[in-house]
Amino acid sequence: MSELTITLPDGSTRNLPEGATGADLAADIGPGLAKAALVVTVDGDARDLDRVLPDGSTVSIVTADSDDGLHTIRHSTAHVLAQAVLDLWPGATYAIGPPIQDGFYYDFELPGGATFSNEDLEAIEARMRRVIDADQAFERHEADADEALELFSGHPYKREIIEQVTSGAATGELVGEASIDGSITYYRNGEGFIDLCLGPHVPSTGRLGHFALQNVAGAYWRGDEKQPMLQRIYGTAWADRKALKGHLHRLVEAEKRDHRRLAAELDLVSWPESLGPGLAIWHPKGALVRKLIEDYSRDRHEAGGYDFVYSPHIAKAVLWETSGHLDFYADGMFPPMELDGATYYPKPMNCPFHVAIFQSGQRSYRDLPSRLFELGTVYRYELSGVIHGLMRSRGFTQDDSHIFCTPEQVPDELASLLEFTLSVLRAFGFDDFQAKLSTRPEGKAVGEDALWEMATDGLRSALESAGLDYVVDEGGGAFYGPKIDVDVTDAIGRPWQLSTIQLDFNLPEQFGLEYVGADGGRHRPVMIHRALMGSVERFFGVLLEHYAGAFPLWLAPEQVRVLPVAEEHQAYAESVVERLSAEGFRAKLTPADEPLGKRVRAGKVAKVPHVLVVGGDDMANGTVGDNARGAEAPERDLPVDEFVARLAVAMESKS
RNA sequence: GCCCGAGUAGCUCAGUUGGUCAGAGCAGGCGCCUUGUAAGCGUCAGGUCGUCGGUUCGAAUCCGACCUCGGGCUCCA
């Protein structure tokens with residue numbers, strides 16, 4: 001009997017009888033692995049465990065410990081979801097159901113345009129559990145296009161996928177739905193459930209079970225708003241009960257950090273209905289934190305060679321015609337208003353104003369680079385369904401700058417700009433960055449090829465010299481120039497896109513910008529749009545969630561709260577507050593007309609960094625008792641001088 | 001904008017099948033208590049039950065429209 005030679009990921013080899021499968025290989029390695037195996041990768045391609053291994057291949061056993069394994073569990077769970085829905089709703093049809101971050105979804109269309117309710121989710125979940133308990137095997141089958149169209153005759157979305165795939169026209173998420181090597185693959189399990197699918201799947205439904213259905217949503221077929229709206233069910237699935245519980249717990253924790261909740265609890269910001277959707281008002285404490293953020297931003301920009309400018313909130317249509325906004329951005333703008341026979345628009349961006357400032361006089365190469373900076377409030381007509389607290393609103397303030405420079409200055413300018421960006425973000429407690437470089441799009445783009453190349457190289461070398469991880473989005477740039485976007489990762493691992501650095505070869509053309517070069521001739525400057533926080537409001541929201549409302553000392557609206565133990569300690573407490581205020585700290589006193597425990601609790605709930613308790617001992621010795629936020633127990637008998645010195649250190653380090 | 005869901009006091013929520021269902025806790029005001037570390041006691045005040053319309057003898061409760069919010073989709077040159 002001939003043998004197969006299989007190479008394992010560690011480089012060792014194993015011999016197995018011809019016809020051996022991935023499951024056989026796992027069993028040959030050990031019973032534990034055989035039990036844990038979900039799929040295998042053969043020369044890097046994921047396959048079902050029961051498929052025969054080719055001789056000479058490199059095979060790796062995939063278990064739930066790996067991303068591939070979890071991906072498979074989620075994908076297979078999505079199949080079971082579809083099976084349950086098709087069982088429960090005769091006449092329902094299904095579209096696609098891929099694994100996603102932490103889970104999966106599946107899109108359906110119910111007969112008569114019916115929709116799912118939350119109660120339905122419970123019934124579906126129960127049905128899914130029955131399928132899982134039945135431990136049905138996932139069987140892989142192949143068919144040619146005609147057979148496949150016949151098999152899925154009652155399912156138009158599946159047929160559309162088959163037609164797309166067999167014609168080679170499949171794109172994006174459809175590619176993963178079926179084989180494109182000339183045949184269609186599908187999976188069968190249970191009595192008659194089949195689903196078009198490239199696979200692989202776990203061996204049987206019994207390997208699943210640690211899942212939860214989460215919510216129902218509408219989703220356009222193929223993500224196109226002109227296509228029918230399907231009913232999407234989202235779920236999460238994990239390798240074991242503990243991982244599922246952990247995930248559900250993280251969701252609860254993330255909800256506790258929700259900036260809208262914290263904004264209300266900490267009395268920072270609110271959104272009264274009377275203002276309109278996407279429009280916030282800033283209460284004193286929120287405004288104080290915002291001011292500290294803005295002050296820091298201004299200080300850094302001042303030190304960084306920026307010139308401060310201001311511009312109005314509205315301007316005549318002609319400005320937006322010249323800039324091109326009315327051509328390509330009109331849908332995102334607030335509607336115009338007529339005044340004295342002219343048409344005015346609220347500004348969706350600051351750039352045309354900064355261009356106008358550049359144009360206000362003749363510029364020489366000696367004036368460049370010119371870095372104009374403004375905390376500019378813009379108004380955008382965001383669709384009602386996308387508005388989300390401070391994260392996506394209709395009025396927000398960009399920490400916006402437009403840098404006008406010569407083409408030759410671009411590389412150096414970009415390098416220092418990226419350093420500057422990261423340095424500012426680090427000051428706010430972010431140290432995990434991920435960047436994206438977007439290059440020239442296919443088709444129409446403005447600007448010379450050489451300019452694109454130089455600018456893109458400049459962005460790339462800036463990323464590399466900053467030592468930043470980045471991905472390249474080929475062709476992802478705007479028509480007017482390449483860009484870098486910088487994401488930060490927050491305290492619970494979520495990415496937020498904050499900074500953007502964009503080259504613009506278009507606006508200088510549109511406005512006919514010029515500077516006089518050393519040669520006495522007129523030249524066109526290059527423009528760089530950049531924002532570090534992006535939107536101050538959104539940045540505040542991200543910080544609020546990042547810190548879970550517990551702002552570091554330098555940003556805390558109330559830094560110290562002083563509590564006299566009893567009324568007789570009031571005067572001493574006042575003297576401590578006065579001392580702290582004189583040192584430049586934000587300190588307040590809560591008098592002894594409530595029990596101490598209640599006042600301590602109130603201070604902790606308000607997330608004040610230091611709650612000081614002062615009583616008779618302290619009065620005699622010039623000390624305080626410090627309840628530092630996050631500390632297990634109070635620190636008694638701390639001399640005021642020592643406390644002040646510690647605060648100063650923490651302020652300096654922004655910790 | 002589209003799909004689904006939700007709106008009861010400043011906040012968190014309870015209100016059975018339409019009929020003492022306008023309630024609780026916290027927060028707030030006042031009084032008592034004078035407190036050494038995460039909720040002292042009492043008392044008062046508050047709401048057009050998102051808005052408008054409809055069904056009904058009677059609507060927080062049922063129906064419709066709208067508004068706002070939430071989860072998604074689309075969008076974010």
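These numbers come from the heavy atoms of this one structure, side chains and all, not from hydrogens, waters or symmetry mates. Numbers restart at 1 for each chain; the letters A, B, ... are given by sequence-line order, proteins then strands.
- A:Asp258 has a carboxylate O that lies under 4.0 Å from a charged side-chain N of A:Arg260, or vice versa, which qualifies the two as a salt bridge.
- Contact annotation: A:Arg260 reaches the phosphate of B:G71 (side-chain N/O to OP1 or OP2, under 4.0 Å).
- At the heavy-atom level, A:Ile387 lies under 4.0 Å from the strands shown only through sugar-phosphate atoms.
- For B:C62 and B:U55, the C1' atoms lie 8 Å apart once the distance is rounded to whole Å.
- Judged as a side chain to side chain donor-acceptor pair (under 3.5 Å), and not counting sequence neighbours, the contacts of A:Tyr157 are A:Glu109.
- A donor and an acceptor atom, one from each side chain of A:Gln570 and A:Glu574, are located under 3.5 Å apart.
- Along RNA chain B, the nucleotide nearest to A:Trp271 and the one nearest to A:Glu265 differ in position, and the one closer to the 5' end is contacted by A:Glu265.
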List every contact pair, protein side and nucleotides 6-8 of chain B side both N or O, where the distance is under 3.5 Å.
none

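- A:His354 and A:Phe404 have their aromatic ring centers separated by at least 6.0 angstrom.
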Symbol by symbol from the 5' end, with Watson-Crick or G-U pairs under 3.5 Å, [ ] crossing and | another strand, RNA chain B is (((((((..((((.....[...)))).(((((.......))))).....(((((..]....))))))))))))....

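- Look at the C1' atom in both B:A60 and B:C13: the space between them is 15 Å, to the nearest Å.
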With sugar-phosphate taken as primed atoms, P, OP1 and OP2 and all else as base, the protein-contact string of nucleotides 29-41 of chain B at under 4.0 Å (heavy atoms; B, S, -) is -----BBBBBBB-

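- Using bins of under 30°, 30° to 60° and over 60° for the plane-to-plane angle, the ring pair A:Tyr379/A:His313 lands in the tilted bin.
- A cation-pi contact links A:Lys158 to A:Tyr94, judged by a cut-off of 6.0 Å to the six-membered ring centre and 45° from its axis.
- Side-chain atoms of A:Glu545 and A:His259 include a donor-acceptor pair closer than 3.5 Å.
- B:U8 and B:A59 have their C1' atoms separated by 14 Å, given to the nearest Å.
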Donor-acceptor list for residues 261-282 of chain A side chains, cut-off 3.5 Å, not counting sequence neighbours:
from	atom 1	to	atom 2	distance (Å)
A:Arg261	NE	A:Glu255	O	3.4
A:Asp267	OD1	A:His283	ND1	2.7
A:Ser270	OG	A:His283	NE2	2.7

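- A 6.0 Å sphere centred on CD of A:Gln227 holds more than 12 heavy atoms belonging to other residues, nucleotides or ligands.
- Comparing B:C67 with B:C52, their P atoms sit 15 Å apart, to the nearest whole Å.
- Contact between the side-chain N/O atoms of A:Tyr381 and the OP1/OP2 oxygens of B:G1 is found at a separation under 4.0 Å.
- Between B:C3 and A:Thr115, no contact under 4.0 Å exists linking OP1 or OP2 to a side-chain N or O.
- The distance between the ring centers of A:Tyr480 and A:Phe505 does not fall below 6.0 angstrom.
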Step by step, would you call A:Ser311 with A:Lys347 a side chain to side chain donor-acceptor pair (under 3.5 Å)? CA-CA 10 Å; A:Ser311 59; A:Lys347 64 173 168 181; 2.9 Å; yes

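- Using bins of under 30°, 30° to 60° and over 60° for the plane-to-plane angle, the ring pair A:Tyr106/A:Phe108 lands in the parallel bin.
- Here A:Trp320 and A:Phe334 keep their ring centres 6.0 angstrom or further from each other.
- Annotation: cation-pi geometry not satisfied between A:Arg74 and A:Phe104 (NZ/CZ under 6.0 angstrom from ring centroid, within 45° of ring axis).
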Show the distances under 3.5 angstrom between N or O atoms of the protein and N or O atoms of nucleotides 74-77 of chain B.
from	atom 1	to	atom 2	distance (Å)
B:U74	O2'	A:Glu225	OE2	3.3
B:C75	O2	A:Arg392	NH2	2.7
B:C75	N3	A:Arg392	NH1	3.4
B:A77	N1	A:Tyr480	OH	2.5
B:A77	N3	A:Tyr480	OH	2.9

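- Candidate nucleotides B:U68, B:C73, B:G71 were compared by shortest atom distance to the side chain of A:Ala219, and B:C73 ranks first.
- Here B:G46 is in the syn range [glycosidic angle within 90° of 0].
- B:U61 and B:U16 are spaced 11 Å apart, taking the C1' atom of each and rounding to whole Å.
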